[in-house]
Protein chains: 2
Amino acid sequence: MVEPLSDRRRQILEAIIEEYIATAQPIGSRTLTRFSAISLSPASVRNVMAELEEQGYLHSPHTSAGRVPTEKAYRYYIDSLLRVNCLDRARQDQIEQHYHRRGLQMGELLREASRTLSTVAHYTGLVMVPRLQSTVFRRIEFVKLSSRQVLTVFITQSGMIQNRLIETSEEFTAAELEQITNYLNQTMSGLSIREARALILAEMAQEKALYDRLLQRSFQLSEEALAEIADGEVIIEGTSHLLDQPEFNDLERMKRIFRAFEQKSLLLNLLDRGLKAKGVQVIIGSETEYPELAGCSLITANYSGRRGTLGALGVIGPSRMPYSTLIPIVDYTAGMISRMLDEETE
Amino acid sequence: MVEPLSDRRRQILEAIIEEYIATAQPIGSRTLTRFSAISLSPASVRNVMAELEEQGYLHSPHTSAGRVPTEKAYRYYIDSLLRVNCLDRARQDQIEQHYHRRGLQMGELLREASRTLSTVAHYTGLVMVPRLQSTVFRRIEFVKLSSRQVLTVFITQSGMIQNRLIETSEEFTAAELEQITNYLNQTMSGLSIREARALILAEMAQEKALYDRLLQRSFQLSEEALAEIADGEVIIEGTSHLLDQPEFNDLERMKRIFRAFEQKSLLLNLLDRGLKAKGVQVIIGSETEYPELAGCSLITANYSGRRGTLGALGVIGPSRMPYSTLIPIVDYTAGMISRMLDEETE
DNA sequence: ATTTGGCACTCCGCAGAGACGAGTGCCAAG
DNA sequence: CTTGGCACTCGTCTCTGCGGAGTGCCAAAT
């Protein structure tokens, strides 16, 4: 799919993409020779442009406008042309100083991350809250509130805390709850929530549980605690930055995007998709497979705690985005969050 | 300030406001005689309009456009002209069916409320999360996670649950924690968080605490638990509805509004302001005292749990909004949420 | 004393015409 | 292969004129 391009084509394509990213205007042969270091006549550039267009890297909005990079061009640019430099000190500091406040809860930390991303990058920041289902169980705790109400609190290895108020059908004594707590903490330690649930369901099915009344009830309780835990949240910050993009003049398109933001499941899927991969990922336009996000790109990276990948974060905006500056920002932020989560759970 | 208007002026003003709300177009004397039930010639209407303009109820964008209601007109309309009817069954059902799922946590319930508001009203929904500081303490619980880490959970009467992970400077034994828990639960029951904190600080200052080491430490611990609890959140849903308003053509203005949304403290203040009042409140444009929200109106109502007002919710949009339909929606939703919170904590 | 019709005037919005500029493709000469 | 030239295409901008909707005011009608 990605045929190698001759040196010259490569060079011109790169110049067009960068110029377009900077100006948001279609690039003509003339402007290109003026503003870039290409020492060719406009006519030659035109020839190359025509070829690049034929190959699907460029596209003219109409006959006498300049050329605009296609998704294919961006893809090629990112995969083959882009050399991501390190994040400069100034930006590093800018990011760091957002996290000076210590002892943030994980939720607050992630929200701060999204906000920082959006302000530093001047794009819209996304942070996916870790999926509880696949995080590792650390501790479960039951607190009796009234005769029929039990508060369950459980904590994951990565320091996430989740509460759930349960109305029980029968009363538990405080002593029973303590026994149950101890038992469950022993049994489920080290398992992921998903595994823990599977275990519980399996045990409940087994007949030995039928004879041990307390055991049976403890399984019931924990099953209720773990069922339907709130999951799959995405924190979006800085949507107003999108309004500053010249692309915003296309009202219909921007409406589509804002609607997509409200359907968080969509963004969640995209962030989810990169979870297995390592490093920074870029998803361009139709690669999202959501028509609502046509013309949009995402830059994402995973963050992790002590025990492996937890979630993903990134920025989203029009495909015409300054990848070379944003990629390091996303990368650095992901690293930063990972470090902070590490410290917290030590 | 609000001088009484003659019957005729009143009638014409009302017609103009309603027509303008429906069409977003400046209203001329001619169109008014055509579309409303006013049996006067355009010329007479013009005279009245001129008077209304002089009194500050109307405003012409330019010489030969129609008239547009001013904030003063909206204020008068809402205070004197508007007769809020009950919410029709159809809409009631539409709202109800969003809450069929039972056993929602408070947070989820409030988020759902914001979403429902926005979809039913076709405006942007706002819900203020109750201020913990002023809610009534119900229970505090400490869970020892590791030698130096204690998880504190506390629960308010209204069923809100708050966690905090505390790094302690010295180790607590499980038994000590239990003692502390019992002591605190006894002492602080029925107080608001604010009062509880005040009590703790006072006790810590008193010398008797100095001699009781456990007491001292328990105060320290609870003070840390209650300090800086996350507070003052606003849930905003359905911002994309704003994009459908014809006012959206004024890009600059819309940018201002979206930026205001990101500064949640601003909306929080507005919602906060109505907390003392009863029933539905309408805040129009400059009454917000935020220039960012010029041309915007809020409709808010308070919701409460068993023990008094908890928070506020509402919708926000351009001042030209169909108050007569939105007010009942906001009102009904607030009532609904109050009922559901009541049930939950029984 | 109000109401109304008439009239002159204002001003926005729209559509068409023309100039301009940026860009293109192609071709033939370097 | 590169380049300059040339004819052509289009979108944008500006100007212009026109129609419509609205206004204010005045004098006649009620």
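Just so it is clear: chains get the letters A, B, ... in the order the sequence lines come, proteins before strands, and each one is counted from 1.
Remark: the A:Q281 side chain and the A:R273 side chain contain no N/O donor-acceptor pair separated by less than 3.5 Å.
The residue B:S60 sits apart from the nucleic acid: no heavy atom pair falls under 4.0 Å. Within 4.0 Å of B:A43, counting heavy atoms only, lies at least one base atom of the nucleic acid.
Place B:T63 and B:P42 on DNA chain C by their nearest nucleotides, and B:P42 ends up nearer the 5' end.
Side-chain contact between A:M321 and A:I299 is present, with heavy atoms from C-beta onward closer than 4.5 Å. Residues B:I236 and B:T124 are in side-chain contact: their nearest non-hydrogen atoms beyond the backbone lie under 4.5 Å apart.
Set against D:dC10, D:dA21, D:dT23, the side chain of A:S64 has D:dC10 as its closest nucleotide. With distances taken from any side-chain atom of A:R46 to the nucleotides D:dC10, C:dT24, D:dC25, the minimum falls on C:dT24. The side chain of A:S41 approaches D:dT3 more closely than any other nucleotide in the set C:dT3, D:dT23, D:dT3. Across C:dT4, D:dC10, D:dT3, the shortest atom-to-atom separation from the side chain of A:L40 is found for D:dT3.
Distance B:N47 CG to C:dG5 P: 13 Å, rounded to the nearest Å. C:dG25 atom P lies 16 Å from atom CZ of A:R30, rounded to whole Å. The nearest whole Å value for the distance from the CD1 atom in A:I27 to the P atom in C:dG21 is 20 Å. The CD1 atom of B:I12 sits 12 Å away from the C1' atom of C:dT3 (whole-angstrom rounding). Put simply, CG on A:L58 is 14 Å from C1' on C:dG23, counting in whole angstrom units. Atom-to-atom, CG of B:N249 to P of C:dC12 comes out at 17 Å; the value is rounded to the nearest Å. For A:E51 and C:dC26, the CD to C1' distance is 14 Å, given to the nearest whole Å. One can place NE2 of A:H62 at 9 Å from C1' of C:dA22, the figure rounded to the nearest angstrom.
Checking the phosphate oxygens (OP1, OP2) of D:dA21, no side-chain nitrogen or oxygen of B:T31 falls inside 4.0 Å.
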Worksheet item: Between B:Y77 and B:E18, does a side-chain hydrogen bond (donor to acceptor under 3.5 Å, both in side chains) hold up when you go through it step by step?
Response: CA-CA 9 Å; B:Y77 175 71; B:E18 289 182 347; 3.0 Å; yes

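For A:R67 and C:dG25, a side-chain-to-base donor-acceptor distance below 3.5 Å is absent, hydrogens and geometry of angles not being considered.
In summary, A:R256 and A:E292 do not engage in a salt bridge, as defined by a charged side-chain N under 4.0 Å from a carboxylate O.
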